[in-house]
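Take a look at the structure set out below.
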Amino acid sequence: MVDFKFSIFTAASAADVGDDPLVDVLMRAIADAPDRWRVRRSGIWCSVSPEDARLRPQGWKLHVAATPASAEEVLGRALGVLLASGSVFKFAAAVDFVAALNARNTSRGHSGKFITVYPGSDEEAVRLARELHEATKGLPGPRILSDRPYARDSLVNYRYGAFVEERRLTNDGFYAWTILDPDGKPVEDRRTGRYEPPSWVTSPFPDNGMNGTPRTRGSGPILLGGRFTVREAIRHSNKGGVYRAVDSRTGEPVVIKEARPHVAADLDGRDTRDRLRAEARALERLQGRGLAPRLVEVFPQSGHLFLAQEMIQGAPLREWVADRIIEAGWGEHLGRAAEMARRLVELMRDAHAAGILIRDFNPNNIMVRPDGTPVLIDLELAVADGEDGPLRAGTPAFGAPEQLRGAPPHASADHYSLGATLCYLFTGSPPYFLDESPESRPLTERFEEWLAARTQGLDLPDPWRAMLVGLMAEEPELRWTADRARDTLVAEHPRRARSGHDDAEPPWLRERVEQAIEGITEELLASMDPDASQALWPVSCVHGAPDPCTLQHGAAGCLGALVRCSQSTADPRLPGAIAEASWWIRERLADGTNRPPGLYFGTAGAAWSLLEAGLALGDERLAGDAAAVAGELPLAVASPDVTHGTAGLGLTALHLWARTGRSLFAEKADAAADALLETVEERAGGLVWSTPADVDSKLAGRSYYGFAHGIAGVGYFLIACAEATGRDDCRELAVRVGEELLDAAVVARGSAMWGAGAGDAPTAPYWCHGASGIGSFLVRLGTATGDARFLDAAGLAARAVTDHAWRAVLGQCHGLAGNGDFLLDMAALTGDDRHRAAAWRLGRIIVAARARRDGRLVFPDEQGEVSVTWGDGMSGILGFLLRLRYGAPRLWTVDTAASAAAGTGRWS
C-alpha cells in the first residue's frame, strides 16, 4: 500500500502506483484535495480512500461506465465529486483495462464497471449518484447490465452488493462472494447480466423512469424493428444477443444480431455498432452472389443497433469437420475434405473478386449448407479492399500475425486465414501457437513441426503440406495466393490414411519430451510465490475463483507433479521447492476456512499431495500432518463421485492406508464403500449414483457415466477397494457397473464411445466424460476379474482415443495428456506395446505445441493461455510426460495391478 500526504506529492510517489494517463489524472486532482488519502494498486484496480475511512460490509454501490476514449474525462469529472465528498472508490488504472472491461466477450456480470464507489450510507449513495450523473452527463459509456441506470442514458448505475470481500467456498470448490440476509446468514452476491437486487432490500433511488417491471417469458413475444418476432436467443454476450426470429412480412426465418452501444469501443469511439454496420455493407456488396446471407434490414431500437439477415440452414464448418471425422474416419474424411477445400478456396476468391477483404475467415464464421456449399457469416471485420478497418482484430490461430498486431487490411492476411482454415479442415485442429518472448524459432518452423505431429499416420499429399506452409508463411509477401492454392488442390488428390505408423519413440522425440519436462519444471519453479497470501501459483479464473489449495485448479496438483518429477529426475532444485509449497498449503489448510472435502476440489487432494511430499522429503512431521488432515475427513458426503464426493474420499483413504499402514484409513475406505452400496439406485434397469437435487452444486440432481462425476469413477473405487480388502460385495457391484457401461457403449468402426449420461449422444473421449475415463475403469476391472468383456471394451475405448488424437486441447481433464495416461494404463495392464506407441504419438503432438517465454518452455491451456494447474494446465501435462518418459503408476490412482507391473509391489 502507498500512503501519501498529497500536499507534498512528488514524482517519485507517482511511480509507486503506476505510470498511466488515468493515474496521472488522479495524482493531479488529489494533490489539491483536502485531507490525507491512501492509494493502492492491486491488479487492474487503483483504490482510493480517505486515511481513516471504514467500509460498510455491504450496501448500495455505484458504478460509472466509460469507454477507452472517454475514460480520462469521465474520471476527471468524477474525481471532482468523489474527492470533495471524501468517498471510497476504485477505478480501472489503465486505458487498456477499460478496454478489457468493455470487450465484446467480457462477462456480462462484470462488464463496463470503470469506477466503483462505496457510499457510507443510502443517503450518500443517492446524493453521489445524482452528482456523478450531472458531472458525467453527455459522455459515452456502455450500459452496465448487472446494475440499474440512475437515469436514462446515464453513465451512473447502482446495485446492492458486497463492499468487502466476504466469500465462502462452495461444495464445488470455488469461492462465491457473499452478503448477509436479514437473519445474518450468508447468501451469494450474484453478479449476472441482469439487475437482480436481493428480495429484502428497497431501492433508495428515485424512479427516473428506469424502474419498470422487466419483461418475463409470459409477457408475450418480443417484436424487434416492428416486424421481427423473436423465437429464441442463440447466445448472449457483452456485445449483444443473437436471435432466431420470423419476419412477419414474409414469414421467413431470420437471424438478428444485436450491437450494444459503446461496447468494444476503441480510442476513436468506434464500437460494436460500427462493426455491425460494416457487416451490413459487406452483405450488400456480396448480395446475390450466394457467398453470404441476404441482408434483410438494419435498424435501431432503444439505442441498440440490430441487423436482420437470412437464416442459413446447415452447420458451422467447425462442427461439419468434427462430425465428418467422427462419422467416416480419417480415410474417408480426407476425400470429403479435398472437395470442401476447393470450395473454401473458391469462396475466398469470389469474395476478393467482389472487392471484400474478409479479415476473419475461420471455421466458426463459415456455415456449410446441407448440400455442402460454404457460406460466409459474421462479417463484422470485413472491409472493402483499400479501406481501413478495426486494427488488432481477428481470431487467434486463424488471424494473420501482422493483422493481430494491428497492420492495415490486406489480402495476404486473408490468405493466412485460408491456410489456417484448410489446416483445421485436414487435421481437425486449429493451428494455435502461443506468442514467444523473445522469439526463439520462426513461426514457419513451429508450424511445420506442429503439422507433422498432427498428421502422423495420414497420407496428406506433400503438395498439400507445401500449400499449407505457403499460405501461412510468416512474411506476408511470401504467402501463397488463393489462385495458387486452387491449382494445387486441383492437381493433387488425397490417398487413404496409412494403416501403420512411423517409429513412435525415436531418440529425437525422447529428447524433446525431456526438454519439455525441464521447461515445465522451470516454469513451475519460477512462477511459484511462497510469499503470496492468495495463490501459490497464478490461478486461472475462467471457471470461477478456485480454492488455491485444490488438486484440480490449485497448489496440490502442482505439488504432486513436482514430487513425481523429483522422484523421476532427481532434480536438485526440487526438494526445497517441494518443502516450501508443502508448508504453504499446510498453513492454508489450518486457517479455519470451511473447505469441501473432495479429492479434486477439496481437502482430500491436498492431504494426498502433502503426504507424498512428506514421504519424498523424509519429513515425518509433514507426512504426519497430512495424515492427520486426511484422518479428519468425513467418511462419506452427499456427492458420490471421484472429484467431489464419496468415491474420491474412499480412494484417498485407500491410498493413505497403503502408504501409512494405519487401520484408520482401511476403516474409512470400508465406510465409503458402505455408503456407496447404500446409495446406489436402480432406474430403468440401470445403476445410478447421483448428487441429490438439494445439494448446492452444479452437479445437483445429475447422474453420469464418466470417471470424474459418474459411475465409472465410482466403479473404479469399488474394484480398488475389493482388491485391497477382499470385499466381494464391492467386486460384485463394480462388475455390475462395468456391465452397465458395456450396455451404454456406442460401438462403431472398431471403437467405443459413451454419452455423458443415459440418452446423451457420445461425447469426446476424455477423462472427465467419455471413453478415456471409462476405459481407465474398464481395463482395471478386466484385469482384476479376468473378464475379457471388460478388457475388450477398454481396447475399443483406446481405439476411440487414438482415433480422436486430432482434438487440440492438451490437458488432463479434457485433453491429450489425460488420454495419454489412459493409453499408458492400457500398456501397463495388458502388456500391449501398441498402446505405449500411441501414447508417444500423443506426446509428440503435445510437445509440438511448446513455446518459449523468458527462456522457459510453456504450453497453452484450454483457453489458449499459460497456466500451471493440474486439470487443464502444465502440471497435468508434466505428470503425463514424466510417466511417458520414465514410467510410474498414474498420479491420483491406487493401482495395485499397475504397481505390480511396474515392479513396485502391491502399492506404490
Under the salt bridge (Lys or Arg N to Asp or Glu O under 4.0 Å) test, residues paired with Arg260 that sit two or more places apart: none

Partner set under salt bridge (Lys or Arg N to Asp or Glu O under 4.0 Å) for Glu445, not counting sequence neighbours: none

For Arg108, side chain to side chain donor-acceptor pair (under 3.5 Å) partners two or more places apart: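 Per chain and number, Arg108 pairs via side chain to side chain donor-acceptor pair (under 3.5 Å) with no residue.
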
Identify the two heavy atoms, one from [X] and one from [Y], that lie closest to each other, and give their separation to 0.1 Å.
X	Y	answer
His262	Gly141	CD2-O, 3.0 Å
Leu376	Pro293	O-CD, 3.0 Å
Leu101	Thr106	O-CG2, 3.5 Å
Pro374	Leu344	CB-CD2, 3.9 Å
Pro401	Arg479	CD-NH2, 4.0 Å
Val375	Gly290	CG2-O, 4.3 Å

Would you confirm whether [X], through its side chain, and [Y], through its main-chain N or O, come within 3.5 Å as a donor-acceptor pair?
X	Y	result
Asp350	Leu347	no
Arg343	Gly372	yes
Asp268	Arg270	no
Gln456	Arg841	yes
Ser302	His304	no
Glu310	Arg294	yes
Arg454	Ala805	yes
Gln403	Ala393	yes
Thr427	Cys423	yes

If the test is side chain to side chain donor-acceptor pair (under 3.5 Å), which one of Arg275, Arg104, Arg359 qualifies with Glu380?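 The passing option is Arg104.
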
Test side-chain contact (heavy atoms from CB on, under 4.5 Å) on Ile846 and Phe859; report intermediate values, then the result. CA-CA 8 Å; Ile846 289 172; Phe859 294 82; 4.2 Å; yes

Chi angles and distances behind the salt bridge (Lys or Arg N to Asp or Glu O under 4.0 Å) call for Arg342, Glu339: CA-CA 5 Å; Arg342 297 182 187 105; Glu339 176 57 31; 3.7 Å; yes

Pairwise distance CZ(Arg324) to CG(Leu317) - rounded to 0.5 angstrom: 10.0 Å

How long is the straight-line distance from CG of Leu286 back to CG of Leu291, given to the nearest 0.5 Å? 5.5 Å

Does Met348 form a side-chain contact (heavy atoms from CB on, under 4.5 Å) with Ile358? I'd like the steps, not just the answer. CA-CA 8 Å; Met348 179 167 285; Ile358 303 165; 4.3 Å; yes

Heavy-atom distance under 4.5 Å between the side chains of [X] and [Y], does that happen here?
X	Y	answer
Val296	Glu252	no
Arg227	Phe299	no
Gln309	Val254	no
Tyr243	Ile222	no
Arg318	Tyr424	yes
Leu295	Glu279	no
Val95	Leu267	yes
Asp378	Lys257	yes

Is the closest basic N to carboxylate O distance between [X] and [Y] below 4.0 Å?
X	Y	value
Arg484	Asp487	no
Glu474	Arg446	no
Glu436	Arg852	no
Arg349	Glu346	yes

Before you tell me yes or no, could you show the steps for Phe306 and Glu297 under side-chain contact (heavy atoms from CB on, under 4.5 Å), namely the whole-Å CA-CA distance, both residues' side-chain angles and the distance that decides it to 0.1 Å? CA-CA 8 Å; Phe306 295 86; Glu297 185 177 355; over 6 Å; no

Step by step, would you call Trp754 with Thr763 a side-chain contact (heavy atoms from CB on, under 4.5 Å)? CA-CA 6 Å; Trp754 285 263; Thr763 69; 5.9 Å; no

Centroid separation His415 to Phe361 less than 6.0 Å: no

Could you tell me if Asp483 and Thr481 have a donor-acceptor pair between their side chains, going purely by distance under 3.5 Å?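 Note: Thr481 and Asp483 side chains miss the donor-acceptor criterion.
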
Quick one, Ser412 with His410, criterion side chain to side chain donor-acceptor pair (under 3.5 Å). Give me CA distance, side-chain angles, the key distance, then yes/no. CA-CA 5 Å; Ser412 62; His410 195 275; 3.0 Å; yes

